[in-house]
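Structure first, commentary second.
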Amino acid sequence: MPNPQLNLKALFSGLFSRKVIHIFSTAEGLLTQGDKVTADGLQEVFETNVFGHFILIQELAPLLCHGERPSQLIWTSSRNARRSNFCLEDIQHRGGQEPYSSSKYALDLLSVALNRNFNSQVRFFANAFTLTPYNGTEALVWLFHQKPESLNPLTKYLSATTGFGSNYVTTQKMDLDEDTAEKFYQNLLELEKHVRATIQKRDHQS
């Protein structure tokens, strides 16, 4: 996650907005983030938070996808995942100022697409604004003990903490549609082919 910067314009307009309490309690729109292009030619936040995870799953698929030994993968995202910060025509968020939020929404889409395309596994999200790392693991541990078929793949299961520090799990319906998730997944498959071809060409030249 890159270092955030204060958006002064959003700060002053937020003071006179009807959403002032929401804006200042969540910092939505107040913080922008820097991003840069990596040596692979990809946006750094996208490559770190989305594409790297996608490639890892692609590489592990032969180990995970055994009918006789089904696997369960608990997939994590963030409350900062917002549809308004994601664009299917700019999946790396090259033209925006919220690469972290865009990347987390992309993970939401990817979770749904993976669940559809790899039906032997169920992938879920857990995220939190919690007091300690221990509190933040509540949903992850809870999910581990559930039967995958009893869980909704279009729902986030969130770690939460009361004001007194007690842990509990809450739910949130994801703000996405399965068609967009599938289109995003296909885009990632095409990007994977391009990156692998580029690496192979580079290896042959050296």
Side-chain angles (χ1 to χ4, degrees), residues 1-2 32-127 140 143 148 151-156 174-206:
M1 181 177 180
T32 59
Q33 299 140 7
D35 202 0
K36 61 185 178 183
V37 177
T38 68
D40 300 315
L42 303 176
Q43 293 299 121
E44 183 179 50
V45 177
F46 169 82
E47 185 171 20
T48 303
N49 288 355
V50 184
F51 195 60
H53 296 64
F54 174 72
I55 293 297
L56 179 63
I57 292 302
Q58 294 291 87
E59 293 293 312
L60 292 177
L63 297 175
L64 294 172
C65 299
H66 284 289
E68 67 276 9
R69 296 196 316 272
S71 303
Q72 180 180 354
L73 178 63
I74 300 174
W75 194 259
T76 63
S77 179
S78 168
R79 276 195 176 95
N80 204 349
R82 294 190 180 89
R83 179 191 282 246
S84 59
N85 291 326
F86 179 82
C87 176
L88 195 57
E89 288 71 41
D90 182 17
I91 62 172
Q92 296 190 48
H93 204 70
R94 294 182 190 275
Q97 295 185 317
E98 300 282 349
Y100 181 78
S101 177
S102 174
S103 73
K104 293 304 179 179
Y105 187 80
L107 284 178
D108 287 4
L109 293 170
L110 182 54
S111 170
V112 172
L114 287 173
N115 189 55
R116 176 191 278 183
N117 286 275
F118 293 88
N119 204 26
S120 60
Q121 291 107 246
V122 182
R123 291 159 170 84
F124 299 98
F125 298 82
N127 64 4
L140 297 173
L143 282 167
L151 300 167
N152 184 343
L154 297 177
T155 297
K156 284 187 179 183
M174 286 189 276
D175 181 23
L176 55 77
D177 63 86
E178 294 188 58
D179 288 341
T180 303
E182 185 62 28
K183 288 174 185 174
F184 175 67
Y185 178 66
Q186 295 303 320
N187 285 346
L188 285 180
L189 289 173
E190 287 302 313
L191 182 59
E192 177 190 11
K193 286 181 193 173
H194 172 73
V195 169
R196 288 186 189 277
T198 302
I199 291 170
Q200 193 173 35
K201 183 179 177 183
R202 193 168 58 205
D203 289 346
H204 284 320
Q205 290 174 344
S206 57

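Being a predicted model, the structure only gives us computed values, none of them experimental.
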Kindly indicate, with the supporting measurements, whether the criterion side chain to side chain contact (heavy atoms under 4.5 Å, CB included) is fulfilled by L42 and V37.
CA-CA 5 Å; L42 303 176; V37 177; over 6 Å; no
Carefully, step by step, assess F51 and Q92 under the rule side chain to side chain contact (heavy atoms under 4.5 Å, CB included).
CA-CA 9 Å; F51 195 60; Q92 296 190 48; over 6 Å; no
Run K183 and L88 through side chain to side chain contact (heavy atoms under 4.5 Å, CB included) and show every step you take.
CA-CA 8 Å; K183 288 174 185 174; L88 195 57; 3.7 Å; yes
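Between the D175 side chain and the R83 main chain, no donor and acceptor come within less than 3.5 Å of each other. Side-chain N or O atoms of N115 include none that pairs as donor or acceptor with a backbone N or O of P153 at under 3.5 Å. Not a single donor-acceptor pair under 3.5 Å links the side chain of S102 to the backbone N or O of F86.
Take E59 and apply the side-chain contact (heavy atoms from CB on, under 4.5 Å) test, not counting sequence neighbours, and it matches I55, R196. Legend: residues meeting salt bridge (Lys or Arg N to Asp or Glu O under 4.0 Å) with K193, ordered by chain and number and at least two apart, are E190.
For the residue pair N85/Q97, the side-chain donor-acceptor check at 3.5 Å is not satisfied. For E47 and Q43, the side-chain atoms include no donor-acceptor pair closer than 3.5 Å. Side chain to side chain, D177 and T180 meet the donor-acceptor criterion of an N or O pair below 3.5 Å.
The two residues A113 and A181 have their closest heavy-atom pair at CB-O, 3.4 Å. Nearest heavy atoms, T76 versus L107: O-CD1, 3.8 Å. Minimum heavy-atom separation, R82 to Y105: C-CD1, 3.6 Å. In terms of heavy atoms, S103 sits closest to V50 at O-CG2, 3.3 Å. Across all their heavy atoms, V112 and E178 have their closest contact at CG1-CG, 3.8 Å.
Looking at heavy atoms from C-beta onward, V195 lies out of side-chain contact with D40 at the 4.5 angstrom threshold. Taking 4.5 Å as the limit, some side-chain heavy atom of F46 sits within range of a side-chain heavy atom of L191. Counting heavy atoms from C-beta on, the side chains of Y100 and S78 come closer than 4.5 Å.
Atoms NZ and CG, on K104 and N49 in that order, are 4.5 Å from each other to the nearest 0.5 Å. Annotation: the span from L109 atom CG to L176 atom CG amounts to 5.5 Å, rounded to 0.5 Å. Once rounded to the nearest 0.5 Å, the distance linking CG of D179 with CZ of F184 reads 15.0 Å. We find the CG-CD1 distance between N117 and I57 to be 13.0 Å, quoted to the nearest 0.5 Å. To the nearest 0.5 Å, atom CG of residue D108 and atom NZ of residue K156 are 4.0 Å apart. Distance check: E182 CD to R116 CZ gives 5.0 Å after rounding to the nearest 0.5 Å.
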